[in-house]
Amino acid sequence: MIKHNYKDAIEISKNIYWVGMYLQDDPFQCHPYFIKNGNESILVDPGSMLEFEETVRKVKSIADISSIKYIILHHQDPDLAAAVPEIEKLINRDDLLIVTHSRTALLIKHYLVSSDYYEIDKNDNKLITSSGFTLEFYTTPYCHAPGAFVSYEPQTKTLFSGDIFGGIEKSWEFYADETYFTKAKQFHQEYMPSKDIFNFALQKIEKLDLELIAPQHGSIIKKKYIKNLIEDMKKLDCGIYIDAKYNQELLDTINELQEKKETIKQRDKQLYEQSKRAEMGEMIGNIAHQWRQPLAIINTILAILKEKNSAKILSNDDFVQKIETMEEKVEYMSDTIEDFMNYYQPDKNKSIFNINEALQRALKITNYTVQNHQIEVKTTIDEQLHTKGYINEFVQVIVSILSNIYDIKNIRELSLVNIDIKMQKDGLDALVIISDDAQGIDEKIISKIFNPYFTTKHQSLGTGLGLHIAKTIIENNMNGSLSVKNNQKGATFIIRMKNEK
């Protein structure tokens, strides 16, 4: 081990000096550093009044103290910052800057610091002097202060690490050796708040190309020990984790959250299965609605053909015309099945689709424009609107909303319901607005209609899952929103999605 005369400044890397003071029998050594950079030199973590005279003397042995333009404070503790007001007086520069985080600046001012602040988080976490000398800053929040950070000098690959890598040493050595982790262990266990927070900081640091680590406490660490030291530090339980009671409570909380997660997964699976059964019932009902009229027409035509054939008055032209009519109705019924098969076939990948195309599919499935449904649908479309998601799921959303309006019409025995569907652009979003005049939703329940199993219908008319599933699709699968409000005559559903050009 190389011995040093701690009464002198020690150059630890090119133009970087330790300017601290060895405190006899003090396991908590504090280390200020000086970076020589012409008239824009930098003092790092100058310390308290215990080291003040020695730090000033050592800096003066290297350069004029008025050459200091920047004082870096990695956090706000007195062992690091208390001497700053006295040092300011000696430097006596109007352009002197205190380099720190904005969270730390709020506290440092209480030492009666008079210089302006250079807040790293407001300066791209970097300092570049007029000569081109550069320091990079990496935030290490709560290690051990909210605004804590480390400073990296990329030319010499030196890291000024603040409290991180500090050590409590009864037998202090200037440079660390292979046993340093045992000396640093206690300090980090007591001063780092938790293993998770500490590891967040270490993950940033281990990505840097490091030749030397210069901590505020403990020993300076050379490259050959850095990698293993970081690996050991990452495994260290510290802060609140070393409290046995908290550790058990944490484990209990994690187990409880996992159990709740499984319960939610099971509930969602049950909701999904029930919604699929409900959809199947709705599908069969909708097919029955759409087939009833063409089947009645086909049945009537067949009766007419039989009657005319029995009476020997069936002409060839009449026969051909009736067959063509029946073929037309059968083709319509076949198309209906195709529409429903496309609707219920799951999409494999999200894609950008035309919103109007999806709307027209939904209208074709519900077929509420058929006169005997006593519903009139008016649409204002915009062919330019597109969004990203699963088109069949979006069709399901429109069908659910329209089916809900149709059911309300029947429950309230309304003779006619008008539905107005508008598509429009709103900034970067696409809106689909569906309004009706079916007398609106009771204000007492309007906030509940998207809740699972909530329904005001008779049990035979629904499960209360349709609108819940619709909202889930829009908000979870399409990153949009589905909301409802009352208008003057009825209710208005608003679907908002990102417009994909």
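When reading the values below, keep in mind they use all heavy atoms of this one structure, side chains included, and skip hydrogens, waters and symmetry mates.
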Going by atom types only, do D79 and S48 share a side-chain donor-acceptor pair under 3.5 Å? no
Between T139 and K204, does any side-chain donor sit less than 3.5 Å from a side-chain acceptor? yes
When every non-hydrogen atom of N354 is compared with those of N356, the smallest separation belongs to OD1-N, 2.9 Å
Nearest 0.5 Å please: distance from the OG atom of S41 over to the CG atom of N15. 8.5 Å
I would like to know whether Y33 and I220 meet side-chain contact (heavy atoms from CB on, under 4.5 Å); could you show each step before the answer? CA-CA 11 Å; Y33 301 95; I220 295 170; 3.9 Å; yes
Given F149, F160, Y152, the one that forms ring pair (Phe, Tyr, Trp, His ring centres under 6.0 Å) with F137: F149
With a sphere of 6.0 Å drawn around OH of Y138, does it hold more than 12 non-hydrogen atoms of other residues, nucleotides or ligands? yes
Can any side-chain N or O of N37 pair as donor or acceptor with the backbone N or O of F133 at less than 3.5 Å? no
If you round to the nearest 0.5 Å, how far is CD of E54 from CD of E51? 10.0 Å
Criterion side-chain contact (heavy atoms from CB on, under 4.5 Å) on I449 and F493, from CA distance to verdict: CA-CA 12 Å; I449 69 167; F493 290 85; 4.1 Å; yes
Centroid separation under 6.0 Å, is that true for the rings of H217 and H31? no
Which pair of heavy atoms, one from S130 and one from E40, lies closest together, and at what distance? OG-OE1, 2.6 Å
So, D196 and S194: side-chain donor and acceptor under 3.5 Å apart, yes or no? no
Would you call K227 and E206 a salt bridge, using N to O less than 4.0 angstrom? no
Aromatic contact, F394 with F353 (centres under 6.0 Å): yes
Does E88 form a side-chain contact (heavy atoms from CB on, under 4.5 Å) with V113? I'd like the steps, not just the answer. CA-CA 8 Å; E88 282 181 309; V113 170; 3.4 Å; yes
side-chain contact (heavy atoms from CB on, under 4.5 Å) with I71: of I87, T100, V44, V99, only one passes, and it is I87
Within a strict 4.5 Å, meaning less than it, do heavy atoms of the Y117 and K109 side chains meet? yes
Look only at the side chain of N404 and the backbone of S400, and say whether a donor-acceptor pair between them is shorter than 3.5 Å. no
Is any side-chain heavy atom of I12 closer than 4.5 Å to a side-chain heavy atom of L212? yes
Work out which heavy atom in E393 is nearest to a heavy atom in N477; give both atom names and the distance. OE1-ND2, 2.8 Å
Are any of the side-chain heavy atoms of I352 and T387 separated by less than 4.5 Å? no
Can you confirm whether L90 sits close enough to F52 that some side-chain heavy atom of one is under 4.5 Å from a side-chain heavy atom of the other? yes
Supply the atom-to-atom distance S115 OG to D94 CG, rounded to the nearest 0.5 angstrom. 9.0 Å
So K498 and K388, do their side chains get closer than 4.5 Å, heavy atoms only? no
Distance to the ring centre below 6.0 angstrom and angle to the axis at most 45 degrees; does that hold for K471 and F450? yes
Decide if atom CD of Q384 counts as having more than 12 heavy atoms of other residues, nucleotides or ligands within a radius under 6.0 Å. no
Is S13 reaching over with its side chain to a backbone N or O of I16, donor-acceptor style, under 3.5 angstrom? no
Before you tell me yes or no, could you show the steps for I221 and L159 under side-chain contact (heavy atoms from CB on, under 4.5 Å), namely the whole-Å CA-CA distance, both residues' side-chain angles and the distance that decides it to 0.1 Å? CA-CA 10 Å; I221 307 149; L159 181 74; over 6 Å; no
Qualifying residues under salt bridge (charged side-chain N to carboxylate O under 4.0 Å, His left out), relative to E136, sequence neighbours excluded: none
Heavy atoms, side chains only, cut-off 4.5 Å: are I398 and I495 in contact? yes
Given 3.5 Å as the limit, does a donor-acceptor pair link the side chain of R57 with the main chain of K7, or not? yes
With a 6.0 Å cut-off (strictly less than), is the heavy-atom count around NZ of K485, excluding the residue itself, greater than 12? no
Shortest non-hydrogen separation from I446 to N486 and the atoms involved: CD1-ND2, 3.9 Å
Electrostatic pair D95:R93 at N-O distance under 4.0 angstrom: yes
Counting heavy atoms not belonging to Q155, are there more than 12 under 6.0 Å from its CD? no
Kindly compute the distance separating CG (D116) from CG (L97), expressed to the nearest 0.5 Å. 6.5 Å
Y111 side-chain N/O to Q76 backbone N/O, donor-acceptor pair under 3.5 Å: yes
Would you say the side chains of T158 and E153 form a donor-acceptor pair under 3.5 Å? no
From CG (N92) to OG (S66), nearest 0.5 Å: 8.5 Å
Has the side chain of R496 got a donor or acceptor atom that lies under 3.5 Å from a matching backbone atom of G480? no
Please report the C-alpha distance between D420 and S435 in whole Å, then the side-chain angles of each, then the deciding distance to 0.1 Å, and finally whether the side-chain hydrogen bond (donor to acceptor under 3.5 Å, both in side chains) criterion is met. CA-CA 5 Å; D420 185 18; S435 300; 5.7 Å; no
With the side chain counted from C-beta on, respond yes when L428 and N499 share a heavy-atom pair under 4.5 Å apart, and no when they do not. no
Give a yes or no answer on whether the side chain of Y180 reaches the backbone of G167 with a donor-acceptor pair at less than 3.5 Å. yes
To the nearest 0.5 angstrom, please state how far the NZ atom of K36 sits from the CD1 atom of I42. 14.0 Å
Assess, by modelled atom type and distance only, whether the side chains of T492 and N487 contain a donor and an acceptor separated by less than 3.5 Å. yes
Shortest non-hydrogen pair, P46 vs T55, comes out as O-OG1, 3.9 Å
Worked check of ring pair (Phe, Tyr, Trp, His ring centres under 6.0 Å) between W18 and F174: CA-CA 10 Å; W18 173 81; F174 190 81; 5.2 Å; yes
What is the minimum heavy-atom distance between A184 and G166, and which atoms define it? CB-O, 3.4 Å
Is a donor from one side chain sitting under 3.5 angstrom from an acceptor on the other, for Q216 and D45? no
Are more than 12 heavy atoms from other residues, nucleotides or ligands located less than 6.0 Å from atom CD of Q488? no
Check ion pair K58-D8 (N to O, under 4.0 angstrom): no
With sequence neighbours excluded, give me every salt bridge (Lys or Arg N to Asp or Glu O under 4.0 Å) pair touching residues 157-168. K157-D209
What I'd like to find out is whether the side chain of I355 reaches to under 4.5 Å of the side chain of M497, using heavy atoms alone. yes
Does atom CD (E231) have a neighbourhood of more than 12 heavy atoms from anything else shown, all under 6.0 Å? yes
Partners meeting side chain to side chain contact (heavy atoms under 4.5 Å, CB included) with N479 (sequence neighbours left out): none
